[in-house]
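Worksheet for the structure shown next.
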Protein chains: 2
Amino acid sequence: MARAALSPDAVVGLALRIVDEEGPDALTLAAVAGRAGVATPSLYKHVRNLAELRALVSERVMGELTEIASEAVLGRSGDEALRALMDGWRSYAARHPHRYSALIQAPRPETAEAGERLVGVILAALRAYGLEGSAAIHAVRCLRAAMHGFAVLESAGAFQLAEDLGESYALLAHMVVSGLRTPREP
Amino acid sequence: MARAALSPDAVVGLALRIVDEEGPDALTLAAVAGRAGVATPSLYKHVRNLAELRALVSERVMGELTEIASEAVLGRSGDEALRALMDGWRSYAARHPHRYSALIQAPRPETAEAGERLVGVILAALRAYGLEGSAAIHAVRCLRAAMHGFAVLESAGAFQLAEDLGESYALLAHMVVSGLRTPREP
DNA sequence: TCTGTTAGCTAATGGCATTAGCCTTAGGGC
DNA sequence: GCCCTAAGGCTAATGCCATTAGCTAACAGA
């Protein structure tokens with residue numbers, strides 16, 4: 001090894017700070033190099049290219065979200081677990097809106113494993129509802145859609161009116177819960 | 001006027017074709033100019049800059065979505081209207097996935113009016129539920145979050161497993177409906 | 001101490017957005 | 001039918017960015 005304080009992880013860390021402070025569009029290799037006190041091409045010793053850096057950032061964010069979600073679900077079950085998961089998710093997105101929008105949803109090799117762990121946690125949150133096989137998959141998809149949709153819209157500032165967002169989110173949670181409890185198909 | 005077949009609307013039209021065929025990232029002024037058979041700087045006679053072009057594209061997409069939504073709601077009410085709205089939304093996103101992801105959520109002056117009309121249609125779809133004031137706002141937000149979240153994840157290919165997506169979406173619709181029907185607060 | 005690896009550098013290339021300033025032509029008023 | 005203005009097009013130039021190639025020097029292990 002040589003002298004460096006730099007490493008792939010350190011580069012991702014700097015990238016995250018840029019994303020947080022200036023938004024996902026400000027994430028350029030030039031900007032990262034600037035913060036690292038290094039010439040731009042030097043970064044290629046740590047990261048294949050900008051696309052990979054983005055994927056690594058996304059993976060990191062997904063990991064953080066997984067951790068948050070795990071803690072929320074841990075030691076709870078049923079509606080309580082589900083509400084804790086949803087609240088944790090939203091508050092993460094609200095705390096780091098730029099970071100949240102840097103989350104890449106498209107499945108890339110880099111994020112595949114992180115994505116699966118996250119889905120696993122969501123699945124765990126739903127365990128008490130006694131869903132089997134496909135039913136569990138459908139429920140996970142709906143929960144992801146609801147949480148992600150709300151988080152994206154809230155981060156983007158798409159909810160303009162003055163009404164309390166927490167209350168809107170509580171209604172969303174209520175929809176999920178009652179949808180899981182109420183039998184379908186008349 | 002001069003000779004041109006070009007106009008702001010025509011530029012947006014070309015931009016939409018690029019988005020559809022090559023994805024939102026391929027939308028560059030150079031690419032539009034190429035299709036228009038014109039030098040890049042000439043586009044500035046029709047559009048202020050790339051950011052504005054993106055906003056105009058977004059506005060157009062939002063308009064199309066509003067139209068789809070209106071037709072779905074027209075002549076229906078209650079659960080039927082709500083399900084038709086949701087189905088129309090999803091099928092639009094599925095038919096034009098790139099176009100859908102070019103939808104900008106952040107409120108910009110260019111898209112403000114289009115956004116309000118869209119919210120108006122969603123509100124109309126919920127009319128039969130007898131929601132008043134704030135309750136209606138919360139419901140609209142949840143519906144937007146659910147539809148948008150699902151559409152984004154589906155367009156991005158985030159739902160990997162083989163389970164039928166239509167069934168997942170039906171569950172989501174069921175959640176919304178039963179959440180609106182079931183009283184809250186224990 | 002010597003040597004190989006490797007993080008860093010500079011230089012160069014090419015794509016893109018954007019601005020400035022020029023040229024041409026279409027079209028309306030006469 | 002003619003002129004004159006404005007609109008739409010062009011080329012040239014600038015600057016930012018990503019990426020590649022090839023050089024250099026420092027550190028690790030022998």
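Numbered from 1 within each chain, the chains take letters A, B, ... in sequence-line order.
Contact annotation: His46(B) reaches the phosphate of dG9(D) (side-chain N/O to OP1 or OP2, under 4.0 Å).
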Legend entry - Leu143(B)/Leu85(B) under side-chain contact (heavy atoms from CB on, under 4.5 Å): CA gap, chis, key distance, verdict: CA-CA 10 Å; Leu143(B) 190 44; Leu85(B) 168 64; 4.0 Å; yes
Inset, instruction - For the pair Arg141(A) and Leu165(B), evaluate side-chain contact (heavy atoms from CB on, under 4.5 Å) and give the outcome as yes or no after the intermediate values. - result: CA-CA 9 Å; Arg141(A) 285 176 176 170; Leu165(B) 280 164; 3.8 Å; yes
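A straight line from CG of Leu50(B) to P of dC17(D) spans 15 Å, rounded to a whole angstrom. The distance between atom CG of Leu43(B) and atom C1' of dC16(C), rounded to the nearest whole Å, is 13 Å. Atom-to-atom, CG of Asp25(B) to C1' of dA18(D) comes out at 15 Å; the value is rounded to the nearest Å. Counting to the nearest Å, the C1' atom of dG15(D) and the CG atom of Asn49(B) are 16 Å from each other. For the pair Arg54(A) CZ and dC17(D) P, the computed distance is 13 Å after rounding to whole Å. Rounded to a whole Å, the NZ atom of Lys45(B) is 13 Å from the P atom of dT19(C). Distance Ile18(A) CD1 to dC17(D) C1': 14 Å, rounded to the nearest Å. One can place OH of Tyr44(B) at 4 Å from P of dT18(C), the figure rounded to the nearest angstrom.
In this structure, Thr182(B) contributes its side chain and Gly179(B) its backbone to no donor-acceptor pair below 3.5 Å.
Taking the side chain of Leu29(A) as heavy atoms from C-beta on, and the options dT18(C), dT19(D), dT11(D), the nearest nucleotide is dT19(D). Closest to the side chain of Ala39(A), out of dC9(C), dG8(C), dG9(D), is dC9(C). When distances are taken from the side chain of Val38(A) to each of dG8(C), dT19(C), dG9(D), the shortest belongs to dG8(C). Distance from the side chain of Thr40(B) is smallest for dT18(C) among the nucleotides dT18(C), dC10(D), dT19(D). Listed nucleotides: dA11(C), dA18(D), dG8(C). Nearest to the side chain of Pro41(A): dA11(C).
Using a 3.5 Å distance cut-off with no hydrogens or angles, the side chains of Tyr169(B) and Asp164(B) do not pair a donor with an acceptor.
Contacts of Ser42(B) with the nucleic acid, taken as non-hydrogen atoms under 4.0 Å apart, include base atoms. Among the atoms of the strands shown, only primed sugar atoms or phosphate atoms (P, OP1, OP2) are found under 4.0 Å from some heavy atom of Ala30(B).
Ionic pairing of Glu21(A) and Arg35(A) is present here: one or more N-O contacts between side-chain nitrogen and carboxylate oxygen are shorter than 4.0 angstrom.
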